[in-house]
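Read the structure below first, then the notes.
Excluded from the calculations below are hydrogen atoms, water molecules and symmetry mates; all remaining heavy atoms, backbone and side chain alike, are included. Counting starts at 1 for both ligands and their atoms, following the listed order.
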Amino acid sequence: MGNTWLSPARRVADRARLADGVVDVLVVGGGLLGARVALDAAGRGLAVGLLEARDWAAGSSGRPAVLLSGSGTPTRTAVRERALLLRTAAPHLVRPVPLLLTSSAPLPSDVLTGGLPRSRPLSRRAALAAVPGLRSHGGAGALRRWDAHVDGARLTLAVVRTAAGYGARVLSRAHVTGLLRAGDAVVGARVTDRTDESAFAVRARSVVLATGADGGGPTDGVPADPLVTGVLLPTSIDGGDHGLVLPVAGGVLTAIPLGEQWVVTHPGPDAGAVLGALDRVLVRRVPAEAVVAVRVDRLPRAEEVTTAGPGLVVAAGRLPTARVTAADAVDAATAGLPGVPPSRTAHLPLVGAHRWDDVRDRAPRLAADADLSTAAVDRLLRRHGDRVADVLALVRADPRLGRPLPGAPGHLAAEVVHAVTAEGALSLDDVLARRTPLSGADPAAVAALVAGPLGWDAGRTAREVASAL
Ligand SMILES: Cc1cc2nc3c(=O)[nH]c(=O)nc-3n(C[C@H](O)[C@H](O)[C@H](O)COP(=O)(O)OP(=O)(O)OC[C@H]3O[C@@H](n4cnc5c(N)ncnc54)[C@H](O)[C@@H]3O)c2cc1C
């Protein structure tokens, strides 16, 4: 694999290469699905461009805790893909999580568990031990099911970086404003570079639109995707290491414990309904003031790959099966191209996973070498995998970067610099929302760290901080 660093210099080079040449596959949308399409195509040796209007994973893929098999009983494909992520593709990013299902639903038939423990019924006592704040509900119907969760932005970033390593030309802040056509055929896209508002065109043999549920895909006659609300709550309200899955009107509520917080997802656009649903099962009322953040998004209905015309494929999908959907999209996009090999991504490790088995237990040694605590290096390993060395090299070069980030004791200052030099962050919000999410990092401290690598003057730095406050 080649260079996976998404630095400002790489962006300049990739933009020049995109504007000059013709790619085999041009992917529009840098969420998880678009990134997966780009990786699939680049892994087959094709010339690939990936354009994202905002930041990588700025759409619905960028939520900090996503359940890999969703809230229902996972399909066979979803279980297999979850196992691939846990074992080979991203073991450093994916974490198994026990979920408590407070319903009297029958035990899910998990003949396939992908290596996770099987579901089992829980006694009332065991259910209360798992989620101490749970209202006693007569003792019937609690189940424990295992799933895995992942930070959607980190997973997307790992896929984008891996695609870049296979030669894809990847550009964030590149808004596709229209398609280029020759007769009926789509032959590329018109793009506005949001960093300087300049316009350019990219020519392509085929274009794959992976613009997400709210991203401007074709809507004529298609019912709108359902809305879901995400809410962040402090875990101190309830405690316990289990997530919750509750049946509610219109679907299910899921609550995933994440460090000091709970990430709660609920069907429908109403944040009040989330608290109402929790009230029905928790002993202590969750006050509205406890809500840390609310976000309403659209949830894509299902996986779908459609050839919309010559040279144009539209892809939509869910997170666990994105790799498979992406392979289908590349098959569709290259249907007329001779000599294209089949997808090669099934056992492909993402950036950070290649030497995970070598580094996963080395936190004490790495910590001693870098004069950091073992806990700090453990957290780095979980976010950066075997690329932990890149972050530690920054600390070695400037020991001040080994200090915790002001406001965010779980992150090192070095990670902010790394976000810009290796992870494609171009604004303060990119760092706060998707590289250090839920961390409480102080915007001014983060801005001071990124101003140099991003070439900001005092005015730009102050504007970025003002917009983050
Ligand atoms: C609240 C919520 C909870 C969810 N929970 C789960 C879960 O637990 N498990 C699960 O599997 N799935 C879950 N999902 C679904 C999952 O997040 C999505 O299926 C997946 O992220 C979709 O990825 P995507 O790449 O298609 O879309 P997105 O991540 O939305 O990416 C589309 C990208 O296209 C870009 N774009 C749009 N228009 C243009 C343009 N003109 N030019 C350039 N770029 C453009 C956007 O900026 C965006 O970044 C959840 C979704 C939501 C909203």
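At a heavy-atom cutoff of 4.0 Å, ligand 1 is contacted by no atom of Ala35, backbone or side chain. Contacts of Val28 with ligand 1, taken as heavy-atom pairs under 4.0 Å, involve the side chain alone. Within the 4.0 Å heavy-atom criterion, the part of Thr265 lying near ligand 1 is the side chain and not the backbone.
With atom 14 (N) of ligand 1 as the reference point, the heavy atom nearest to it among Arg36, Arg63, Arg318 is part of Arg63. Considering Gly317, Ala322, Gly212 only, the shortest heavy-atom separation from atom 22 (C) of ligand 1 involves Gly317. By heavy-atom distance, the residue among Gly31, Ala57, Ser60 lying nearest atom 30 (O) of ligand 1 is Ser60.
Side chains of Thr77 and Thr75: no donor on one and acceptor on the other come within 3.5 Å. Between the side chains of Asp430 and Ser427, at least one donor-acceptor pair of N or O atoms lies under 3.5 Å.
In this view, Ser198 and Arg15, Asp196 satisfy the side chain to side chain donor-acceptor pair (under 3.5 Å) rule, not counting sequence neighbours.
Within the structure, ligand 1 has Ala174 among the residues with a heavy atom less than 4.0 angstrom away. The shortest heavy-atom distance from Ala316 to ligand 1 is not under 4.0 Å.
Each of Arg434, Arg154, Arg387, Arg383 was checked for a salt bridge (charged side-chain N to carboxylate O under 4.0 Å, His left out) with Glu423, and the lone residue meeting it is Arg154.
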*Between Val176 and Leu26, does a side chain to side chain contact (heavy atoms under 4.5 Å, CB included) hold up when you go through it step by step?*
CA-CA 11 Å; Val176 169; Leu26 179 64; 5.7 Å; no
*Start with the C-alpha distance between Arg11 and Asp193, add both sets of side-chain angles, then the distance that settles side chain to side chain contact (heavy atoms under 4.5 Å, CB included), and finish with yes or no.*
CA-CA 11 Å; Arg11 189 182 185 283; Asp193 186 333; 3.0 Å; yes
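Considering backbone and side-chain N/O atoms, Asp55 never comes within less than 3.5 Å of an N/O atom of ligand 1. At least one N/O-N/O distance between Leu32 and ligand 1 falls below 3.5 Å. Any N or O atom pair closer than 3.5 Å counts here, and Leu33 shares at least one such pair with ligand 1.
Atom OG1 of Thr321 sits about 10.0 Å away from atom CZ of Arg80, to the nearest 0.5 Å.
Against a heavy-atom cut-off of under 4.0 Å, Ser61 is close to the following atoms of ligand 1: 20 (C), 21 (O), 22 (C), 23 (O), 24 (P), 25 (O), 28 (P), 29 (O). Here is the list of ligand 1 atoms found below 4.0 Å of a heavy atom in Val66: 6 (C), 7 (C), 8 (O), 9 (N), 10 (C), 12 (N), 13 (C). Listed by number with element, the atoms of ligand 1 under 4.0 Å from a non-hydrogen atom of Arg54 are 46 (C), 47 (O), 48 (C).
Ring orientation note: the planes of His92 and Trp356 are tilted relative to one another, at an angle of 30° to 60°.
For residues 27-52, the salt bridge (Lys or Arg N to Asp or Glu O under 4.0 Å) pairs, not counting sequence neighbours, are Asp40-Arg44, Arg44-Asp331.
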